[in-house]
Amino acid sequence: MAPLSWDAFLEAVKGGDAAHLTEDRLFDLAARLRVDAALMAPHVRFSREGYARNTLYRDASFEAICLCWLPGQGTPVHNHGRSFGVVHVYEGVMGCAGFRRVDDGTRDGHAVLERATLSLAAPGSLLLDRVGSIHRLFNPPEAAGPCVSLHFYAGPLDWMEVFDPGRDAVEVRPMQGEPVGPGCVEEL
C-alpha cells in the first residue's frame with residue numbers, strides 16, 4: 001500500500017456517508033499517512049498547565065489533533081463518547097492504562113471501573129480507540145522528554161465521558177474549544 005500525503009489522507013477520511021469510515025479503515029489510512037516534521041512542526045506547542053491539544057483539522061465527520069505532553073502530564077480516565085479514533089505516537093513514549101466498566105451502567109453519574117491493561121507505546125506506534133473503550137493516556141513522569149501524538153477521531157470528538165475511579169463517578173464533558181487538557185498524574 002502506498003504512503004499517503006496529508007492532503008490525500010484528508011480526502012480519504014472526509015465526506016461520504018457515515019458508514020464509509022470504519023475503525024479498521026481509519027486505522028489502515030493512519031498507518032499509511034506520512035507523519036513527518038513538515039506536518040507536525042506547526043502544531044507542536046507545549047503547556048506547563050497540562051497537555052496541549054492543537055487542532056490540525058476538523059469538520060462535521062472527522063477531527064485530527066496534535067497532543068503535546070511534558071513528562072508527568074496525562075488525561076483523566078475517559079472514553080470518546082460515540083467517536084472512535086486512532087493515535088499515532090510521533091515522539092517520545094506514551095503510556096496507556098485501559099479500564100473496563102464493572103457496574104451495570106444504570107445509575108446516572110455512577111461508574112465502577114477496574115484497570116484492565118497498562119502499556120507503553122514507542123514512537124511510530126498506532127493505537128486503536130474503539131467506540132466505548134475507556135482509557136487514560138499519559139507521558140510517564142520518569143520519561144526522558146516530551147511526548148507528541150497525533151489523534152484522529154471519526155465523529156468528531158464533541159463530548160466524552162470522564163471517569164473518577166476513586167469516587168466511582170462519571171460525567172459527560174463537552175470537548176469543543178478546550179485548548180489545554182488537565183495536568184493530572186496518576187500513580188502507576
Side-chain angles (χ1 to χ4, degrees), residues 13 18-27 30 47 49-70 72-89 94-121 125-141 147-188:
V13 298
H20 95 284
L21 191 58
T22 64
E23 292 173 348
D24 291 337
R25 178 157 167 72
L26 180 57
F27 189 87
S47 170
E49 296 173 29
Y51 70 94
R53 303 176 76 244
N54 306 308
T55 302
L56 279 79
Y57 179 85
R58 181 181 169 92
D59 69 16
S61 63
F62 179 78
E63 181 171 22
I65 304 170
C66 174
L67 273 62
C68 301
W69 322 73
L70 295 172
Q73 292 179 336
T75 68
V77 177
H78 67 281
N79 67 20
H80 295 141
R82 293 181 298 257
S83 302
F84 60 87
V86 175
V87 176
H88 174 99
V89 181
M94 173 173 283
C96 181
F99 295 82
R100 104 176 99 252
R101 192 165 180 169
V102 295
D103 68 309
D104 63 11
T106 59
R107 288 179 49 201
D108 283 344
H110 180 80
V112 180
L113 302 179
E114 66 182 19
R115 186 164 27 203
T117 61
L118 181 62
S119 60
L120 296 175
S125 297
L126 292 178
L127 309 171
L128 177 61
D129 293 331
R130 296 194 181 277
V131 172
S133 65
I134 302 169
H135 64 220
R136 178 180 181 281
L137 303 176
F138 57 94
N139 185 1
C147 177
V148 177
S149 53
L150 187 52
H151 300 243
F152 305 112
Y153 298 107
L157 184 59
D158 290 330
W159 60 273
M160 63 173 51
E161 288 182 307
V162 177
F163 298 85
D164 182 345
R167 295 185 318 118
D168 292 340
V170 60
E171 69 174 288
V172 174
R173 204 175 279 173
M175 291 303 298
Q176 287 181 304
E178 290 196 17
V180 177
C184 60
V185 176
E186 176 183 88
E187 289 298 317
L188 304 177

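The figures here come from the full heavy-atom set of this structure, side chains too, leaving out hydrogens, waters and symmetry mates. The model shown is predicted, which means the values in this text are computed figures rather than measured ones.
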Checklist outcome for this item: In this structure, OG of S83 is separated from CG of D158 (nearest 0.5 Å) by 6.5 Å
Checklist entry - Do you know the tightest heavy-atom contact between P76 and R173? => result CG-NH1, 4.3 Å
Checklist entry - What are the two closest heavy atoms between D59 and Y57, and how far apart are they? => result OD2-OH, 2.7 Å
Checklist entry - Once you round to the nearest 0.5 Å, how far does CG of L157 lie from CD of E63? => result 6.0 Å
Next on the checklist: With side chain to side chain contact (heavy atoms under 4.5 Å, CB included) as the criterion, how do N139 and Y51 come out once you've worked through the C-alpha distance, each side chain's angles and the decisive distance to 0.1 Å?
Outcome noted: CA-CA 9 Å; N139 185 1; Y51 70 94; over 6 Å; no
Item to check | Expected output: side-chain D103 to main-chain V112 donor-acceptor under 3.5 Å | outcome: yes
Item to check | Test item: S47 side-chain N/O and A52 main-chain N/O as donor-acceptor pair under 3.5 Å | outcome: no
Checklist entry - Can you name the closest pair of heavy atoms from L70 and Q73 and give their distance? => result N-OE1, 2.8 Å
Checklist entry - Stepwise, does the side chain to side chain contact (heavy atoms under 4.5 Å, CB included) test hold for I134 with E161? => result CA-CA 9 Å; I134 302 169; E161 288 182 307; over 6 Å; no
Item to check | Gap separating the CZ atom of F138 from the CE atom of M94, nearest 0.5 angstrom | outcome: 9.5 Å
Checklist entry - Do the rings of H78 and H135 sit parallel, tilted or perpendicular, given the 30° and 60° boundaries? => result perpendicular
Item to check | CA sep, side-chain torsions, deciding dist, call: T75, W69, side chain to side chain contact (heavy atoms under 4.5 Å, CB included) | outcome: CA-CA 10 Å; T75 68; W69 322 73; 3.5 Å; yes
Next on the checklist: Between S149 and H151, do the side chains contain a donor N or O and an acceptor N or O under 3.5 Å apart?
Outcome noted: yes
Checklist entry - V148 and C66: side chain to side chain contact (heavy atoms under 4.5 Å, CB included), yes or no, with the steps? => result CA-CA 7 Å; V148 177; C66 174; 3.7 Å; yes
Checklist entry - Less than 4.5 Å apart, any side-chain heavy atom of L26 and any of Y153? => result no
Checklist entry - What closest approach, in Å, do A116 and R100 show between heavy atoms, and which atom pair accounts for it? => result CB-NH1, 3.5 Å
Checklist entry - Rounded to the nearest 0.5 Å, how far does OG1 of T117 lie from CZ of F99? => result 8.5 Å
Checklist outcome for this item: Here the pair of heavy atoms bringing F163 nearest to L113 is CB-CD1, 3.6 Å
Next on the checklist: Would you say CG of D104 has more than 12 non-hydrogen atoms from neighbouring residues, nucleotides or ligands within 6.0 angstrom?
Outcome noted: yes
Item to check | Separation between CG of L21 and CZ of F84, rounded to the nearest 0.5 Å | outcome: 4.5 Å
Checklist entry - Can you tell me if H80 uses its side chain to pair, donor with acceptor, with the backbone of V131 under 3.5 Å? => result no
Item to check | Side chain proximity check, L137 to L67, heavy atoms < 4.5 angstrom | outcome: no
Checklist entry - How close do C147 and V89 get, heavy atom to heavy atom, and via which atoms? => result SG-CG1, 4.5 Å
Item to check | Beyond-backbone contact of L120 with P140, side-chain heavy atoms, under 4.5 angstrom | outcome: yes
